[in-house]
Protein chains: 2
Amino acid sequence: MTTLSGQLGKDLQRGGYRLTASRKIILDIFRYGSRPLSAEDIYLAIRAENKNVGLTTIYRALDSLVKANIVRKFAVNTERALYELAGKQACEHHHHLVCRKCDLLIDYKDFCEEEVRLIKRIEELVAKRHSFEIHDHQLSFVGICNRCQKEKK
Amino acid sequence: MTTLSGQLGKDLQRGGYRLTASRKIILDIFRYGSRPLSAEDIYLAIRAENKNVGLTTIYRALDSLVKANIVRKFAVNTERALYELAGKQACEHHHHLVCRKCDLLIDYKDFCEEEVRLIKRIEELVAKRHSFEIHDHQLSFVGICNRCQKEKK
DNA sequence: CTGCATGCAAACCCTTTGCATTGGG
DNA sequence: CCCAATGCAAAGGGTTTGCATGCAG
């Protein structure tokens with residue numbers, strides 16, 4: 001069996017964290033699907049493979065992954081935290097579209113050059129003005145998805 | 001005593017909600033300081049004025065304010081929900097800067113005009129492409145604040 | 001071997017709900 | 001007057017912690 005988590009595993013160890021069986025499984029799950037996952041999503045995905053890793057372990061592993069800069073943690077609402085591959089390992093940076101009614105979360109990365117240029121520019125200005133060292137950003141649009149628009153009637 | 005919450009109170013009533021003493025106090029607190037507040041921030045602010053409104057009431061009032069579109073609810077992390085005046089009543093829409101280390105939250109609106117114009121454009125593109133009815137957006141930059149940069153050494 | 005990683009149960013924190021009471025319009 | 005608003009206590013849901021055991025390096 002090929003360990004999909006290969007490079008990521010090394011990154012993790014470089015951070016002083018141990019590459020255990022549980023963590024390999026978790027990393028592989030991130031590699032398979034690139035949409036944002038909650039701790040519970042991961043928990044269920046693992047059980048679906050007839051493996052078992054406790055929720056607590058998942059939380060602690062995610063914590064390490066965040067500290068090792070492999071995974072990004074973010075929040076769309078306060079219901080639950082979401083995690084996704086960060087930086088270079090993420091296929092591409094993307095933004096979010098959130099539906100107010102059904103909580104559908106779409107991530108899109110088909111943004112135009114214009115969008116990228118704009119964000120870069122704002123980033124520079126803001127970094128300078130506030131003496132902030134900017135690592136990352138999050139852009140989400142909130143509204144009503146196609147489906148809920150139709151149901152409204 | 002001048003009721004700072006005047007116009008907002010009318011907006012609230014227009015939504016079918018009652019303008020009670022508690023809600024007046026809460027609205028006034030939003031009018032005084034325009035930075036994002038958590039339910040507890042509001043609770044403490046009220047006690048600081050030697051008044052008293054239960055936390056539960058604050059949550060329920062915030063809920064009504066959000067439904068009446070007077071206040072916007074959002075999350076930077078999952079720790080607690082934040083609320084701020086929404087739409088026209090907010091002096092201006094603004095974006096956030098979050099420090100990874102100390103969780104400092106700055107909201108800035110210095111570049112808003114330019115940003116908003118460009119974001120509006122992106123909004124249109126995205127809305128069309130994904131058949132989304134967009135109501136609002138959130139933009140946050142994540143990084144290290146000035147102070148934590150210095151402490152690093 | 002040593003110290004981080006794990007599992008389980010219990011603790012925690014923020015937020016919501018049930019229920020009887022109060023009060024706005 | 002009626003129904004929304006309030007307060008308190010208890011429940012809820014996601015996340016974290018304490019503690020004894022397991023395992024990577």
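Throughout, a chain's letter reflects where its sequence line sits, starting with A, and its residues are numbered from 1. Computation of the quantities below employed the complete heavy-atom set of this structure, encompassing side-chain atoms and omitting hydrogens, waters and symmetry-equivalent molecules.
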Between [X] ([atom1]) and [N] ([atom2]), how many Å, whole number?
{"X": "Ile25(B)", "N": "dT6(D)", "atom1": "CD1", "atom2": "C1'", "answer": "13 Å"}
{"X": "Ile42(B)", "N": "dC14(C)", "atom1": "CD1", "atom2": "P", "answer": "14 Å"}
{"X": "Ile26(B)", "N": "dT6(D)", "atom1": "CD1", "atom2": "P", "answer": "7 Å"}
{"X": "Arg47(B)", "N": "dG7(D)", "atom1": "CZ", "atom2": "C1'", "answer": "13 Å"}
{"X": "Leu12(B)", "N": "dA4(D)", "atom1": "CG", "atom2": "P", "answer": "14 Å"}
{"X": "Tyr43(A)", "N": "dG14(D)", "atom1": "OH", "atom2": "C1'", "answer": "14 Å"}
{"X": "Lys67(A)", "N": "dA5(C)", "atom1": "NZ", "atom2": "C1'", "answer": "13 Å"}
{"X": "Lys24(A)", "N": "dA24(D)", "atom1": "NZ", "atom2": "P", "answer": "8 Å"}

Inset, instruction - Quick one: which residue pairs count as a ring pair (Phe, Tyr, Trp, His ring centres under 6.0 Å) with a foot in residues 42-63 of chain A, not counting sequence neighbours? - result: none

Partners passing side chain to side chain contact (heavy atoms under 4.5 Å, CB included) against [X] (at least two apart in sequence or in another chain):
{"X": "Arg18(A)", "result": "Thr20(A)"}
{"X": "Tyr17(A)", "result": "Leu12(A), Arg23(A), Ser64(A), Lys67(A), Ala68(A)"}
{"X": "Ile134(A)", "result": "Glu123(A), Val126(A), Ala127(A), Phe132(A), Leu97(B), Phe141(B)"}
{"X": "Arg60(B)", "result": "Thr56(B)"}

Inset, instruction - Could you tell me whether Arg31(A) and Asp28(A) have a side-chain N and a carboxylate O separated by less than 4.0 Å? - result: no

Inset, instruction - Check every strand shown and say whether Ala81(A) touches a base, only sugar-phosphate, or nothing at a heavy-atom separation below 4.0 Å. - result: sugar-phosphate

Inset, instruction - Output all residues satisfying ring-ring contact (aromatic ring centres under 6.0 Å, His included) with Phe74(B), sequence neighbours left out; order by chain, then residue number. - result: His96(B)

Inset, instruction - List in chain and number order the residues that pass side-chain hydrogen bond (donor to acceptor under 3.5 Å, both in side chains) with Ser38(B), two or more places apart in sequence or in another chain; answer none if no residue qualifies. - result: Asp41(B)

Inset, instruction - May I ask you to test the Leu19(A)-Lys24(A) pair for a side-chain heavy-atom distance under 4.5 Å? - result: yes

Inset, instruction - For the residue pair Leu37(A) and Leu82(A), establish whether any side-chain heavy-atom pair is separated by less than 4.5 Å. - result: no

Inset, instruction - Sugar-phosphate atoms are those with a prime plus P, OP1 and OP2; base atoms are the rest. Using that split, label each nucleotide of nucleotides 7-13 of chain C B, S or - for protein heavy atoms under 4.0 Å, 5' to 3'. - result: BBB----

Inset, instruction - Go along nucleotides 20-25 of chain C 5' to 3' and tag each nucleotide: B for a protein heavy atom under 4.0 Å from its base, S when only backbone or sugar atoms are that close, - otherwise. - result: ---BBS

Inset, instruction - Would you kindly compare Thr78(A) and Gly16(A) by the position of their nearest DNA chain C nucleotide and give the one closer to the 5′ end? - result: Gly16(A)

Inset, instruction - Kindly calculate the angle separating the two end axes of the helix from dC1(C)-dG25(D) to dG25(C)-dC1(D), each obtained from five base pairs, and round it to 10 degrees. - result: 50°

Inset, instruction - Using atom types as modelled and distance alone, determine if a side-chain donor or acceptor of Gln149(A) lies under 3.5 Å from a backbone N or O of Ser131(B). - result: yes

